[in-house]
Structure formats: structure tokens, C-alpha cells
Amino acid sequence: MALPVSVLMALVMLCSSPVCSLHCDLPLSHGNQETITLLNQMERISLLLCLKDRTDFRFPQIFTDVKQLVKTQGTALLHETLQQIFNLFSTSGSLAAWDETLLDKFLTGLYQQLDDLEICLEKEKKVEQTPLGSENTRLLVRRYFQGISLYLKEKEHSRCAWEVVRVEIRRCLLFINKFTRKLET
């Protein structure tokens, strides 16, 4: 099976990204805003036509209580969330649902943010041991995205199902913006 163009582009970026930019201030807000804009542009069907398909994906509450997390856990949470979004939109079902150009740009933006966060995670691991809470937090995020994947499968990756997921991921990215600002203060 051939890799989608967006995944290939992400791999090219990996091989050519400058690892020398080791400034680790969680540089997500600008890139994340661009990602949100691209996700908004990907809308193909009005959510009003998909009201019967709405569901509660049970967004992890950990995003709403930043005070519980140390910075290392926060970085791990952001990384896992963006990785899961990248994985979700890299599936063949996603390729059929979205405009390929917008999807490629969206995935490339996510990949760049993931690359930046990996640098942060590596620096933080050198400074302190990763707390057990980081792994628990990652598991919460994985469970959340497993629920989204199951929903898409149950709905047979319909246009409405993808639209509901797009809106949920937009909500998730908005929380990441808010979460990142809180972590930086």
C-alpha cells in the first residue's frame, strides 16, 4: 500500500528540519492557529445537516485543569494529542473525506508542531525524569482518540461523521491554544 502524499511530505520535513532550533518555549500558538484555520477551510458539509450524527466524545478533563500538570506532563499531553490528530487525519478514510491540498497543509502544520514538541520533550527528559502522570495522561488522550476512531468506523466514515469529528478536533485545537498559554505563564 502506497503512503499518502501528506505522510510522505511529513517524512521529507523530518529529514530536512533544522534540529538546531533548540529553543523550547512550546511554540505552538502561531502554528496551531494556522492549523485551526486550515481545519476550518476543510469544511465540506454544514454541521446543521449532520445534527443527528453528533455525539459526546468525552473530551479529557485534564485539558481544563492545567494546575494539575507539571510542564513535562503538559508537553507530553500536547505531543500525544497532536500525534493522535495527525494519525487520525492520515488514514485512508480521511484522504477520501477532505480536499487533498488542504489536508496536506493541515498534516504538514501538525507535523511541524510535533517536531518542535519532540525537541522540547527531549530537553525536558534530560533535565528531569518523566513523571508517571505523563504516561497516565497519554493513555487518557489515546482512549479519547480511540473513541473518535470507533465512531468513524461505526458511521462508516460518512461525510457527516467526518464533519462531526472535524468540529471536535477544532475544539481540541482551541483547547491546546488555551492550554499552551496557561503552561507558558
Side-chain angles (χ1 to χ4, degrees), residues 1-17 28-60 62-63 76-118 121 137-180:
M1 182 170 132
L3 289 173
V5 173
S6 51
V7 174
L8 291 173
M9 284 181 60
L11 290 173
V12 168
M13 285 188 69
L14 171 65
C15 297
S16 64
S17 90
L28 291 176
S29 54
H30 178 68
N32 196 41
Q33 193 56 48
E34 289 175 5
T35 305
I36 292 169
T37 300
L38 284 166
L39 193 61
N40 287 339
Q41 292 172 359
M42 289 168 63
E43 180 180 358
R44 286 191 136 181
I45 186 171
S46 171
L47 187 59
L48 295 174
L49 298 173
C50 302
L51 293 177
K52 67 181 180 346
D53 291 300
R54 289 184 311 166
T55 190
D56 180 6
F57 292 108
R58 302 196 187 280
F59 190 74
I62 195 75
F63 278 108
L77 172 67
L78 293 171
H79 184 273
E80 186 63 39
T81 303
L82 291 175
Q83 183 66 59
Q84 293 296 325
I85 293 170
F86 184 88
N87 294 347
L88 183 69
F89 280 84
S90 296
T91 63
S92 58
S94 177
L95 290 171
W98 308 113
D99 173 87
E100 189 175 343
T101 303
L102 288 173
L103 181 62
D104 285 344
K105 288 179 183 179
F106 176 72
L107 289 171
T108 300
L110 283 174
Y111 182 81
Q112 185 59 54
Q113 292 175 67
L114 282 165
D115 195 41
D116 292 343
L117 281 171
E118 284 174 17
L121 283 171
T137 301
R138 286 177 183 261
L139 289 173
L140 286 172
V141 172
R142 286 182 190 141
R143 193 171 303 134
Y144 168 67
F145 280 94
Q146 282 175 343
I148 292 173
S149 294
L150 284 173
Y151 166 81
L152 284 167
K153 192 174 185 176
E154 288 170 4
K155 296 287 185 173
E156 299 176 350
H157 297 271
S158 71
R159 285 187 183 248
C160 275
W162 271 110
E163 181 58 22
V164 168
V165 168
R166 185 192 67 79
V167 170
E168 181 71 11
I169 297 305
R170 181 180 181 278
R171 176 179 173 224
C172 194
L173 291 171
L174 290 170
F175 267 101
I176 286 175
N177 267 358
K178 188 176 179 182
F179 187 80
T180 304

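Below, each value reflects all heavy atoms present in this structure, side chains not excepted, and no hydrogens, waters or symmetry copies. The structure presented is a predicted model; accordingly, all values stated were derived computationally and were not measured.
- Side-chain atoms of Glu100 and Asp104, non-hydrogen and from C-beta on, do get closer than 4.5 Å to each other.
- For residues 41-60, the side-chain hydrogen bond (donor to acceptor under 3.5 Å, both in side chains) pairs, not counting sequence neighbours, are Asp53-Lys155.
- With a 6.0 Å radius and a threshold of 12 heavy atoms from other residues, nucleotides or ligands, Arg159 has its CZ atom at or below the threshold.
- Between atom CG of residue Leu95 and atom NE2 of residue His157 there is a gap of 11.5 Å, rounded to the nearest 0.5 Å.
- Partners of Arg143 under the side chain to side chain donor-acceptor pair (under 3.5 Å) rule, at least two apart in sequence or in another chain, do not exist in this structure.
- Remark: side-chain polar atoms of Ser94 are not paired, donor with acceptor, to backbone N or O of Ser90 under 3.5 angstrom.
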task = Begin from the C-alpha positions of Ile36 and Gln33 and carry the test side chain to side chain contact (heavy atoms under 4.5 Å, CB included) through to its verdict.
result = CA-CA 5 Å; Ile36 292 169; Gln33 193 56 48; 4.3 Å; yes
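- Rounding to the nearest 0.5 angstrom, the gap separating the CZ atom in Phe106 from the OH atom in Tyr111 is 16.0 Å.
- For the pair Thr81/Leu173, no side-chain contact is recorded, criterion being any heavy-atom separation below 4.5 Å from C-beta on.
- Contact annotation: the side chain of Met42 approaches that of Leu39 to within less than 4.5 Å [non-hydrogen atoms, C-beta and beyond].
- For the residue pair Glu80/Tyr144, the side-chain donor-acceptor check at 3.5 Å is not satisfied.
- In this structure, the separation between CG on Leu88 and CZ on Arg166 is 13.0 Å, given to the nearest 0.5 Å.
- Residues passing the ring-ring contact (aromatic ring centres under 6.0 Å, His included) test with Phe145, sequence neighbours excluded: none.
- Atom CG of Asp115 and atom CG of Leu110 lie 12.5 Å apart (nearest 0.5 Å).
- Side-chain contact between Glu34 and Thr37 is absent, with no heavy atoms from C-beta onward closer than 4.5 Å.
- Side-chain contact between Leu152 and Thr91 is absent, with no heavy atoms from C-beta onward closer than 4.5 Å.
- Using a 4.5 Å heavy-atom threshold, the side chains of Leu82 and Thr35 count as separate.
- In this structure, CZ on Phe179 lies 11.0 Å from SG on Cys172, to the nearest 0.5 angstrom.
- Contact annotation: the side chain of Trp162 never approaches that of Ile45 to less than 4.5 Å [non-hydrogen atoms, C-beta and beyond].
- In terms of the side-chain contact (heavy atoms from CB on, under 4.5 Å) criterion, residue partners of His79 (sequence neighbours excluded) are, by chain and number, Gln83, Leu114, Leu117, Glu118, Leu121, Arg138.
- If you take CZ on Phe89 and CG on Leu107, they are separated by 8.0 Å, rounding to the nearest 0.5 Å.
- Among residues at least two apart or in separate chains, there is no salt bridge (charged side-chain N to carboxylate O under 4.0 Å, His left out) pair with a member in residues 86-99.
- Of all the heavy atoms in Glu168 and Ile148, the pair that sits closest is CG-CD1, 4.2 Å.
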